[in-house]
Novice: 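The structure follows.
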Amino acid sequence: MEVRVRYAPSPTGLQHIGGVRTALFNYFFARANGGKFILRVEDTDRERYSDESLQDLFDTLEWLGITWDEGPVVGGPYGPYIQSERFDIYRKYAEQLVADGKAYYCYCTPERLEKLREEQQASKSEQQGYDRHCRNLTAQQRADYEAQGIRPVIRLKVPMDGKTTFHDVLMGDISRRNRDVSPDPVLLKSDGFPTYHLANVIDDHLMHITHIMRAQEWIPSGPLHILLYEAFGWEPPVYCHLPMVMGKDGQKLSKRHGSTSVRDFRAKGYLPEALMNYVSLVGWSYDGQTEFFSKEELEKVFSLEKINKAPGVFDYKKLDWFNGQYIRRKSDAELAPLLVPYLQEAGLVDTPPTISQQEIVDKMVPVMKERLKVLSDIVDLSRFLFVVLPPPSVEELLPKNQDAATTLKALEEGYAILRSGLEDELSDETIEQALSDLAGKLAIKVNGVFMPIRVAVTGSSVSPPLFDSIRLVGFDKTFARIERAIEILKDEVHKNG
RNA sequence: GUCUCCAUCGUCUAGUGGUUAGGACAACGGGUUUUCAUCCCGUCAACAGGGGUUCGACUCCCCUUGGAGAUGCCA
């Protein structure tokens with residue numbers, strides 16, 4: 001039988017790491033088994049629905065390169081794949097359940113239910129949840145409620161005794177006494193929309209889903225879903241509950257742990273291949289040894305058996321490492337255009353970049369590449385190439401344990417050596433050696449010569465290699481910046497002097 | 001409160017009765033280097049606890065502890 005799996009997010013927020021991990025696992029599983037990957041939009045919560053979320057879903061999957069065989073936009077034989085467009089289907093099935101005596105109308109108001117819940121929580125009652133108030137209403141009572149104009153919900157009549165078991169590929173058999181199953185959950189809301197439980201079961205059946213891979217937070221609902229399948233007389237699919245993705249503190253990953261939406265990661269300059277690679281390794285491993293996987297490899301090699309049961313902590317540091325690795329694997333030509341948008345956003349280059357700006361970008365890529373963890377790092381790293389640098393302070397110009405007079409001398413003489421060396425087109429090594437010799441002559445550390453030059457030229461004590469930086473900045477600007485620094489030091493020396 | 005699930009280095013994990021318990025990230029130390037970064041080398045670091053089963057348990061069973069999730073007219 002052909003494998004058919006689905007990712008069924010609800011467009012009530014941005015796609016986050018956990019959701020995407022679920023999507024990826026489903027997608028890889030489908031591909032690895034020559035099956036179909038189906039996308040279904042579960043937009044039955046009208047309160048929280050947003051167009052932005054739906055768009056974000058599409059953007060995210062596209063960015064990751066995840067395509068679906070059936071779903072919105074592409075269609076398919078069991079559509080529509082957007083639940084709000086399947087509105088009538090759910091009522092039909094829910095009413096059939098009522099007709100079969102497996103579900104019933106409930107007229108309880110949200111207010112009553114809220115009060116009930118509060119009381120139960122306060123009294124730490126053993127029975128939490130709906131009290132089945134409407135489970136056995138007489139025809140007369142129902143008529144009275146109807147007369148009041150109350151729009152009822154439909155609730156499932158969960159058996160009061162016995163137990164329900166479902167099988168999970170990873171976890172084995174999981175069973176629950178029926179009295180511990182959610183007491184008569186709502187299937188169809190008063191607005192006519194289905195709840196997750198109803199829509200999910202109906203659609204998975206109608207769409208011939210063979211395997212359900214979803215987060216472990218759904219385990220408690222497993223028996224309930226089995227009960228629904230039984231009520232309809234349908235065969236349940238194979239279940240595989242995925243370990244949850246946690247934050248550093250072991251709690252379910254959320255905003256307070258940092259960025260969780262794919263959109264944020266993308267904006268900061270994470271590469272899709274890096275994010276995909278790393279996320280795939282949370283809760284799944286190949287051999288505990290191999291760690292780099294391309295999308296194509298994962299589509300071949302992914303398997304359910306290697307999924308871990310225990311929840312995994314999302315490690316931002318390791319993601320950074322992966323991202324750096326993937327950045328370094330890019331060719332310069334590939335990387336340059338990825339960097340430009342960050343420079344534009346920071347106002348360092350024009351849109352489109354001028355010819356000279358583009359020249360600098362192309363030239364700086366090989367130098368910057370190994371210094372990037374995320375693409376946006378390029379902004380601070382390369383700022384000195386694009387802006388008029390503010391004059392450095394004396395403190396910035398002075399290396400550790402070196403006074404202004406000495407530094408001035410080192411910078412003046414160093415500048416002379418550097419300038420003539422560059423103008424005579426001597427090799428970098430030759431000029432470096434001459435500058436080192438100068439340090440020896442002045443009886444100071446090598447750094448005492450190089451650092452003031454670096455700060456003068458780049459505005460920072462941390463920069464790409466000096467000669468690379470100088471070439472990138474250009475000789476004229478370099479000389480001007482050094483001369484300015486010399487003046488600053490001169491002023492300082494005279495002032496104290 | 002009740003129910004369900006889970007448990008190997010700080011983190012992600014390999015391991016399915018006999019291993020010096022392996023790898024990666026992080027941390028730390030060192031090397032390369034004019035700074036930073038990259039790169040290379042090394043160090044630290046784990047089977048939650050207690051009972052069983054067995055000739056032998058990280059591996060199987062039970063209990064405890066710890067963690068998580070569910071308990072909505074949200075998914």
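First the proteins, then the strands, lettered A, B, ... as listed; each starts at 1. Only heavy atoms go into these numbers, but all of them, side chains included; no hydrogens, no water, no symmetry mates. As the structure is a prediction and not an experimental result, all values here were calculated from the model.
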Novice: Answer yes when A:R117 and A:E119 have at least one side-chain N-carboxylate O distance shorter than 4.0 Å, and no when they do not.
Specialist: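 Here A:R117 does not pair with A:E119 in a salt bridge, since their nearest N and O are not under 4.0 Å apart.
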
Novice: Just compare B:G22, B:A75, B:C3 and give me whichever is closest to any side-chain atom of A:Q289.
Specialist: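 Nearest listed nucleotide: B:G22.
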
Novice: Rounded to the nearest angstrom, tell me the gap between atom CG in A:L224 and atom P in B:C3.
Specialist: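 That distance rounds to 18 Å.
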
Novice: Check every atom of B:A70, B:U71, B:U11 against the side chain of A:Q128 and return the nucleotide holding the closest atom.
Specialist: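 Nearest to the side-chain atoms of A:Q128, counting from C-beta on, is B:U71.
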
Novice: Closer than 4.0 Å, any side-chain N/O of A:T195 to the OP1 or OP2 of B:C74?
Specialist: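 No, because none of the side-chain N or O atoms of A:T195 sits under 4.0 Å from OP1 or OP2 of B:C74.
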
Novice: OP1, OP2 of B:C12 versus side-chain N and O of A:K306: anything below 4.0 Å?
Specialist: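 A:K306 to B:C12 OP1/OP2: no side-chain N or O under 4.0 Å.
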
Novice: Step by step, work out the side chain to side chain contact (heavy atoms under 4.5 Å, CB included) result for A:I307 and A:L242.
Specialist: CA-CA 8 Å; A:I307 295 176; A:L242 275 16; 3.9 Å; yes

Novice: Can you see whether A:F25 has A:R21 sitting over its ring - NZ or CZ less than 6.0 Å from the centre and within 45° of the normal?
Specialist: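 Cation-pi check for A:R21 and A:F25: passes.
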
Novice: Any side-chain N or O of A:K189 under 4.0 Å from OP1/OP2 of B:G72?
Specialist: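 For B:G72, neither OP1 nor OP2 has a side-chain N or O of A:K189 closer than 4.0 Å.
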
Novice: Given the P atoms of B:C47 and B:G30, what is the spacing between them in whole Å?
Specialist: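 Result for the P pair: 29 Å, nearest Å.
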
Novice: Find the distance A:H197:NE2 to B:U71:C1' and express it as a whole number of Å.
Specialist: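 Spelled out: NE2 on A:H197 to C1' on B:U71 is 10 Å.
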
Novice: Closer than 4.0 Å, any side-chain N/O of A:K373 to the OP1 or OP2 of B:A26?
Specialist: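 For B:A26, OP1/OP2 do not have a side-chain N/O of A:K373 under 4.0 Å.
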
Novice: Examine A:R454 relative to A:F450 and say whether NZ or CZ is less than 6.0 Å from the centre of the six-membered ring and inside a 45° cone about the ring axis.
Specialist: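 No, A:R454 and A:F450 do not form such a contact.
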
Novice: Could you measure between the two P atoms, the one in B:G50 and the one in B:A57, and give it in whole Å?
Specialist: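 Roughly 14 Å separates the two P atoms.
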
Novice: Do the side chains of A:R48 and A:D43 get close enough for a salt bridge, i.e. N-O under 4.0 angstrom?
Specialist: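 Not counted as a salt bridge, because no side-chain N and carboxylate O are separated by less than 4.0 Å.
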
Novice: Can you identify which nucleotide, out of B:C73, B:C3, B:A75, has its nearest atom closest to the A:R176 side chain?
Specialist: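 The answer is B:C3.
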
Novice: Output yes when A:E334 and A:K369 qualify as a salt bridge under the 4.0 Å nitrogen-oxygen rule, no when they do not.
Specialist: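 Result for this pair is no, no salt bridge flagged.
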
Novice: Write down the partner of B:U59 under the Watson-Crick or G-U wobble criteria, each distance required to be under 3.5 Å.
Specialist: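 Across any shown strand, B:U59 pairs with none.
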
Novice: Does the structure show a Watson-Crick or G-U wobble partner for B:A21, both distances under 3.5 Å? Name it, or say none.
Specialist: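 For B:A21, the partner nucleotide comes out as none, under the 3.5 Å rule.
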
Novice: Can A:R142 be said to sit on top of A:Y105's aromatic six-ring, NZ or CZ under 6.0 Å from centre and within 45° of the ring axis?
Specialist: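 Not satisfied by the 6.0 Å and 45° rule.
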
Novice: With rounding to the closest Å, how many angstrom separate the C1' atoms on B:U19 and B:G29?
Specialist: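 That atom pair is separated by 29 Å.
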
Novice: Please state the C1' separation for the pair B:U54 and B:A68 - nearest whole angstrom.
Specialist: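 Nearest-Å result for B:U54 against B:A68 at atom C1': 33 Å.
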
Novice: How long is the line joining CD1 of A:I154 and P of B:G72, in whole Å?
Specialist: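 Rounded to the whole Å, the gap is 20 Å.
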
Novice: As a test of reading the structure: which of B:C5, B:C12, B:A75 is closest to the side chain of A:K318, going by heavy atoms?
Specialist: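 When the side chain of A:K318 is considered, B:C12 is the closest of B:C5, B:C12, B:A75.
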
Novice: Please state the P separation for the pair B:G42 and B:C55 - nearest whole angstrom.
Specialist: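 Result for the P pair: 42 Å, nearest Å.
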
Novice: If you check the A:R117 side chain, which of B:C6, B:C73, B:G22 turns out closest?
Specialist: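 Nearest nucleotide to the side chain: B:C73.
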
Novice: Could you walk me through whether A:R177 and A:D161 pass salt bridge (charged side-chain N to carboxylate O under 4.0 Å, His left out), step by step?
Specialist: CA-CA 7 Å; A:R177 288 175 310 216; A:D161 45 28; over 6 Å; no

Novice: Please tell me if A:R48 has a side-chain N or O lying less than 4.0 Å from either OP1 or OP2 of B:A75.
Specialist: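 A:R48 to B:A75 OP1/OP2: no side-chain N or O under 4.0 Å.
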
Novice: Please tell me which of the listed nucleotides, B:A75, B:G69, B:C73, lies nearest to the side chain of A:E42?
Specialist: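 Among the listed nucleotides, the one closest to the side chain of A:E42 is B:A75.
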
Novice: Under 4.0 Å between a side-chain N/O of A:N308 and OP1 or OP2 of B:A7, yes or no?
Specialist: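 The answer is no; no side-chain N or O of A:N308 sits under 4.0 Å from OP1 or OP2.
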
Novice: CD of A:Q216 versus C1' of B:C3: gap in Å, rounded?
Specialist: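 Atom-to-atom, A:Q216 to B:C3, this comes out as 16 Å.
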
Novice: Using the side-chain heavy atoms of A:D315, tell me which of these nucleotides is nearest: B:G10, B:G22, B:C5.
Specialist: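 Comparing B:G10, B:G22, B:C5 against the side chain of A:D315, the answer is B:G10.
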
Novice: Measuring only the C1' atom in each nucleotide, how far is B:A21 from B:G66? A whole number of Å is fine.
Specialist: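 B:A21 and B:G66 have their C1' atoms separated by 23 Å.
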
Novice: Between B:A14 atom C1' and A:E291 atom CD, what is the distance in whole Å?
Specialist: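 To the nearest whole Å, that distance equals 12 Å.
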
Novice: Could you check how far CG of A:D168 sits from P of B:A70, rounded to whole Å?
Specialist: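 For the pair A:D168 CG and B:A70 P, the rounded distance is 17 Å.
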
Novice: Watson-Crick or G-U wobble partner for B:A27, using a 3.5 Å limit on both distances?
Specialist: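 Partner of B:A27: B:U43.
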
Novice: For B:U53 and B:A46, measure between their P atoms and round to the nearest Å.
Specialist: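 Taking atom P in both B:U53 and B:A46, they lie 29 Å apart.
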
Novice: Taking 4.0 angstrom as the limit, do A:D184 and A:R135 come out as a salt bridge?
Specialist: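 Yes.
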
Novice: With a non-hydrogen cut-off below 4.0 angstrom, is A:M246 in contact with a base, only sugar-phosphate, or nothing?
Specialist: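 Since only primed, P, OP1 and OP2 atoms lie under 4.0 Å of A:M246, the category is sugar-phosphate.
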
Novice: Aromatic contact between A:W284 and A:Y278, with the criterion being ring centroids under 6.0 Å apart: yes or no?
Specialist: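 Aromatic pair excluded; centres sit 6.0 Å or further apart.
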
Novice: Could you check which of B:A24, B:C12, B:G23 has an atom nearest any side-chain atom of A:V313?
Specialist: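 Shortest atom-to-atom distance from the side chain points to B:C12.
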
Novice: One character per nucleotide, please: for nucleotides 27-47 of chain B, 5' to 3', B when the base has a protein heavy atom closer than 4.0 Å, S when only the sugar-phosphate does, - otherwise.
Specialist: -------BBBBSS--------

Novice: Rounded to the Å, how far apart are A:R91 CZ and B:C73 P?
Specialist: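 It is 17 Å, rounded to the nearest whole Å.
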
Novice: Taking atom P of B:A26 as reference, at what distance in whole Å does atom OH of A:Y278 sit?
Specialist: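 For the pair A:Y278 OH and B:A26 P, the rounded distance is 12 Å.
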
Novice: Taking only the C1' atom of each, what is the distance from B:A24 to B:C44 in whole angstrom?
Specialist: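 Those two atoms are separated by 16 Å.
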
